[in-house]
Amino acid sequence: MLRKFGTSFALLATAACALAGCSGGGSTESEQSEPAAALQSETSQSSEAASASEGQNYGDITIFAAKSLTKSFTELGEAFEAENPGSKVTFSFDGSQNLVDQIHQGSPADALFTADQKNMDKAAENGDVEADASYATNTLVMVVPKGNPGQVEGFTTEALEGKKLVVCAEGVPCGNATKTLAEKNGVTFQAVSEEQNVGDTLAKVETGEADAGLVYKTDAMSSDKVDVIEIENADQVVNDYRVALMKSAKNKEGGQAFIDFILSDKGQQVLDAYGFTAPTTK
């Protein structure tokens, strides 16, 4: 009886232990808690990552930007809003000289992105902006309608004779660069039209109203309706694109956040994809 009872007791004990999740070793509790601890850690990290990716709601941000930034900044604005839910970036694209005048006349803006130093200096002289910085650079190329129906051979006095050339007006960043480049290369020309921004200059060539035009490399890259003719010494006439917060900004925090986004690696990668080159160090 004792043997039979002992066997029964052992069987009962084994069954009870099995139901309780026992094992022969003493490491069961530790082995079970490690996965649980790891899961808890992963959950905590995921929660922190999700919180970080939510960004911040900066509200309504008004950005005045050079016309040549239209496509790149439209993409960058969408990316900024996606990273900062609730934020809304509104752009006003125009020639830099027009933007500077509009701001001085009272148009509300949080940040100004010009296509050159000269117009940013004017905004500073007007007392409208805080300290400025470089965020990109750009150079000029010549564009002709696809297939070059006007048979323009290059940016020389002889090649432009009798051709319908359209350029940006002097005072406009691309116009100032055109004048400097023409002087450097000893080129004289008679333009059939002088536009107030680079977008209108490009449009004249795209529609065939002009045989050729001088625009930024970035604008040429954005169009499938033109062919590009490189210009000698263009790399020596570089437009330094400048940015500054407005002194009268209603949303300085939002304006600064967008500036920081443009200067970030992500912002610079997008600008590079559109053909802009790196900002200067000043």
Side-chain angles (χ1 to χ4, degrees), residues 62-77 90-105 107 109 112-120 122-123 136-150 152 155 160 162-182 187-231 234 237-242 271 274-276:
T62 302
I63 302 296
F64 275 33
K67 189 72 172 181
S68 54
L69 298 165
T70 302
K71 290 189 177 181
S72 59
F73 267 40
T74 297
E75 179 178 333
L76 285 163
T90 300
F91 294 103
S92 178
F93 295 110
D94 204 343
S96 298
Q97 77 290 346
N98 291 336
L99 297 175
V100 171
D101 289 344
Q102 290 165 20
I103 287 170
H104 194 55
Q105 292 166 8
S107 295
L112 170 66
F113 290 80
T114 66
D116 66 347
Q117 181 74 67
K118 186 175 181 179
N119 278 288
M120 183 59 78
K122 182 179 178 181
T137 49
N138 212 346
T139 53
L140 293 176
V141 295
M142 176 179 279
V143 290
V144 296
K146 206 72 175 177
N148 194 8
V152 178
F155 186 62
L160 295 174
K163 308 299 183 182
K164 293 183 291 184
L165 178 70
V166 60
V167 298
C168 295
E170 191 173 342
V172 181
C174 56
N176 294 334
T178 295
K179 180 182 178 182
T180 301
L181 188 54
V187 177
T188 58
F189 60 83
Q190 185 65 47
V192 296
S193 179
E194 296 185 353
E195 305 300 322
Q196 288 300 307
N197 61 67
V198 71
D200 290 345
T201 303
L202 178 64
K204 294 271 189 180
V205 179
E206 289 179 323
T207 58
E209 294 180 59
D211 295 322
L214 266 67
V215 301
Y216 294 123
K217 175 184 176 183
T218 52
D219 294 276
M221 286 178 60
S222 71
S223 175
D224 59 1
K225 298 177 181 179
V226 298
D227 290 329
V228 174
I229 298 175
E230 298 290 343
I231 303 175
V237 183
V238 179
N239 270 29
D240 188 8
Y241 281 47
R242 311 293 294 188
L271 290 176
Y274 278 89
F276 289 95

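All residue numbers refer to positions in the sequence shown, counting from 1. Values below: every heavy atom of this structure, side chains too, minus hydrogens, waters and symmetry copies.
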Which word best sums up how the rings of Phe73 and Phe113 line up, parallel for under 30°, tilted for 30 to 60°, or perpendicular for over 60°? perpendicular

Do [X] and [Y] make a side-chain contact, defined as non-hydrogen atoms from C-beta onward lying under 4.5 Å apart?
X	Y	value
Val166	Glu209	no
Tyr216	Pro173	yes
Met142	Val228	no
Thr218	Ser72	no
Leu271	Leu76	yes

Distance in Å, [X] [atom1] paired with [Y] [atom2], rounded so as to fall on 0.5 Å steps:
X	Y	atom1	atom2	result
Thr178	Ile231	OG1	CD1	7.5 Å
Leu140	Lys217	CG	NZ	12.0 Å
Leu214	Phe189	CG	CZ	7.0 Å
Glu194	Leu165	CD	CG	9.5 Å
Phe91	Thr74	CZ	OG1	6.0 Å

I need the minimum non-hydrogen distance between [X] and [Y], along with the two atoms involved.
X	Y	result
Val198	Cys174	CB-SG, 3.9 Å
Ser92	Leu99	O-CD2, 3.7 Å
Ile229	Val152	CD1-O, 3.4 Å
Leu112	Ala123	CD2-CB, 4.0 Å
Val141	Glu230	CG1-OE1, 3.9 Å
Val172	Asn197	CG1-CA, 4.2 Å

Would you indicate whether Lys225, at its atom NZ, is surrounded by more than 12 heavy atoms from other residues, nucleotides or ligands within a distance under 6.0 Å? no

Has Lys163 got more than 12 heavy atoms of other residues, nucleotides or ligands less than 6.0 Å from its NZ? yes

Strictly distance-based, threshold 3.5 Å: is any side-chain N or O of Gln97 a donor or acceptor partner for the main-chain N or O of Gln196? yes

Could you check whether any side-chain N or O of Asn98 sits under 3.5 Å from a backbone N or O of Gln102, counting only pairs where one atom can act as donor and the other as acceptor? no

Please list, chain by chain and in numerical order, all residues satisfying ring-ring contact (aromatic ring centres under 6.0 Å, His included) with Tyr274, sequence neighbours excluded. none

Less than 4.0 Å between a side-chain N and a carboxylate O, is that true for Lys146 and Asp224? no

Indicate whether any N or O donor in one side chain lies under 3.5 Å from an N or O acceptor in the other, for Thr114 and Asn119. no

